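Please read all numbers here as calculations on a predicted model, not as lab measurements. Numbered from 1 within each chain, the chains take letters A, B, ... in sequence-line order.
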Number of protein chains: 2
Amino acid sequence: MRLTARSEYALLALVHLVRHADEAYLSVQSIADAQGIPAKFLEQILLTLKRARYVRSLKGQHGGYRLARPAKEISLAEVIRLFDGALAPTESVSKYFYESTPIEKERALLKLFKGIRDYVSDRLEKTTLADVS
Amino acid sequence: MRLTARSEYALLALVHLVRHADEAYLSVQSIADAQGIPAKFLEQILLTLKRARYVRSLKGQHGGYRLARPAKEISLAEVIRLFDGALAPTESVSKYFYESTPIEKERALLKLFKGIRDYVSDRLEKTTLADVS
DNA sequence: CACAATCCCGATCGATTCAGTCATATATGA
DNA sequence: TCATATATGACTGAATCGATCGGGATTGTG
């Protein structure tokens with residue numbers, strides 16, 4: 001798995017939302033300022049998070065974003081998969097994003113990489129926003 | 001870490017060389033045919049492996065490539081780093097390829113990703129070509 | 001009602017990476 | 001000398017990444 005800036009920003013924004021969950025809706029701009037994220041880029045990211053139902057939004061004055069679910073019900077695995085796809089080191093050992101790749105015929109390599117996928121997957125499934133906020 | 005076709009091909013070629021270590025030098029073409037790798041692309045890859053001293057070559061008729069070291073002394077970690085860089089999920093937790101990234105200020109995230117890096121790193125350091133051939 | 005704040009959304013862009021090819025030079029053995 | 005190899009650099013087309021741009025739609029406030 002390889003984290004892009006997109007998913008790193010997404011995690012930062014979500015952590016920020018968790019920490020300010022009481023203050024109702026936070027504007028893109030305020031999150032961008034607080035976390036040092038380019039505002040228009042963050043807009044895109046929050047929109048993706050909204051479509052995937054991790055956050056809710058409100059338009060107009062005093063609008064913005066807030067979490068749509070309790071922090072402990074959102075795993076890092078979900079968020080990273082949403083932006084970066086497979087958690088596996090190569091797609092031929094991915095559960096949700098399987099595709100054929102060259103090493104597929106080599107049993108020993110496959111087994112090793114599956115083991116790595118399982119570990120990474122397990123760690124990220126078990127860690128929620130609540131754990132890192 | 002994300003495997004590219006390059007490093008997957010490299011692993012396949014190396015495994016092939018391990019299995020035919022007795023037959024002296026194998027030509028790029030014969031390896032390419034046996035492993036289903038585009039020959040000119042493989043040429044590039046073997047050249048990189050040669051410069052990094054994992055294989056040796058001989059030009060001219062009956063030339064080709066062979067391993068430069070015993071299979072058990074070449075870890076998968078080295079090979080993958082050579083082609084794909086960091087084994088870490090993000091460069092801010094990479095040992096050999098460190099660079100600053102957005103999540104860096106979040107201690108809990110950093111710790112988690114370092115844990116993942118350590119695991120992946122350890123598995124790949126401890127697995128050698130001999131183990132997968 | 002008008003306006004400002006804010007989300008919504010598609011298009012575009014420049015840089016980089018990836019997978020792979022091409023042409024050519026160079027070395028080697030028969 | 002010739003066929004067979006590796007050595008090397010340049011190139012290319014497609015995809016991805018990290019944004020930015022420009023509007024449109026909605027909503028609370030004065």
For this session: Kindly assign one of parallel, tilted or perpendicular to the pair A/Tyr119 and B/Tyr119, based on the angle between their ring planes and the thresholds 30° and 60°.
Result: parallel
Problem set entry | Atom pair distance, as rounded to whole Å: CD1 in A/Ile45 and P in C/dC8 | 14 Å
Problem set entry | Most 5' of A/Thr4 and B/Lys50 on DNA chain D, judged by nearest nucleotide | B/Lys50
Exercise. In terms of side-chain geometry, is the basic nitrogen of B/Lys111 or B/Glu106 positioned less than 4.0 Å from the acidic oxygen of its partner?
Worked result: no
Exercise. Expressed in angstrom and rounded to an integer, what is the separation of A/His62 atom NE2 from D/dT29 atom C1'?
Worked result: 8 Å
Exercise. In whole Å, what is the span from the CZ atom of A/Arg66 to the P atom of C/dC7?
Worked result: 14 Å
Exercise. Reckon B/Leu58 touches a base, only the sugar-phosphate, or nothing at all at heavy-atom distances under 4.0 Å?
Worked result: sugar-phosphate
Exercise. Mapping A/Lys59 and A/Tyr9 onto DNA chain D by nearest heavy atom, which one lands closer to the 5' end?
Worked result: A/Tyr9
Exercise. Between C/dG29, D/dA25, C/dG10, which one does the side chain of A/Arg51 approach most closely?
Worked result: C/dG10
Exercise. Can a salt bridge be assigned to the pair B/Lys126 and B/Asp122 using a cut-off of 4.0 Å between side-chain N and carboxylate O?
Worked result: yes
Exercise. More than 12 non-hydrogen atoms from neighbouring residues, nucleotides or ligands closer than 6.0 Å to CZ on B/Arg69, yes or no?
Worked result: yes
For this session: Grab the CZ-C1' distance between A/Arg2 and D/dG18 for me, whole Å please.
Result: 15 Å
Problem set entry | Atom-pair distance (CG on B/Leu47; P on C/dA25), nearest Å | 17 Å
Problem set entry | A/Glu91 and A/Thr101: side chain donor to acceptor below 3.5 Å | no
Exercise. Going by heavy atoms closer than 4.0 Å, what residues in residues 79-106 of chain B are next to DNA chain D?
Worked result: none
Exercise. Distance only, no hydrogens: is a donor on one side chain within 3.5 Å (strictly under) of an acceptor on the other, for A/Glu78 and A/Ser75?
Worked result: yes
For this session: Measure from the ring center of B/Tyr9 to the ring center of B/Phe41 and say whether it is less than 6.0 Å.
Result: yes
For this session: Would you please say whether a donor-acceptor pair under 3.5 Å links the side chains of B/Glu8 and A/Thr90?
Result: yes
Seminar exercise, completed: Residues of residues 21-43 of chain A with a heavy atom under 4.0 Å from any atom of DNA chain D, listed by number, are A/Pro38, A/Lys40, A/Phe41
For this session: Say whether B/Ser121 and B/Asp118, considering side chains only, have a donor N or O and an acceptor N or O under 3.5 Å apart.
Result: no
Seminar exercise, completed: Closest of C/dA5, D/dT6, D/dT8 to the B/Tyr65 side chain is D/dT6
For this session: Check the distance between C/dT6's P and A/Leu46's CG and give it to me in whole angstrom.
Result: 14 Å
Problem set entry | Shortest side-chain distance from B/Gln44, nucleotide among C/dT21, D/dT29, D/dA19 | C/dT21
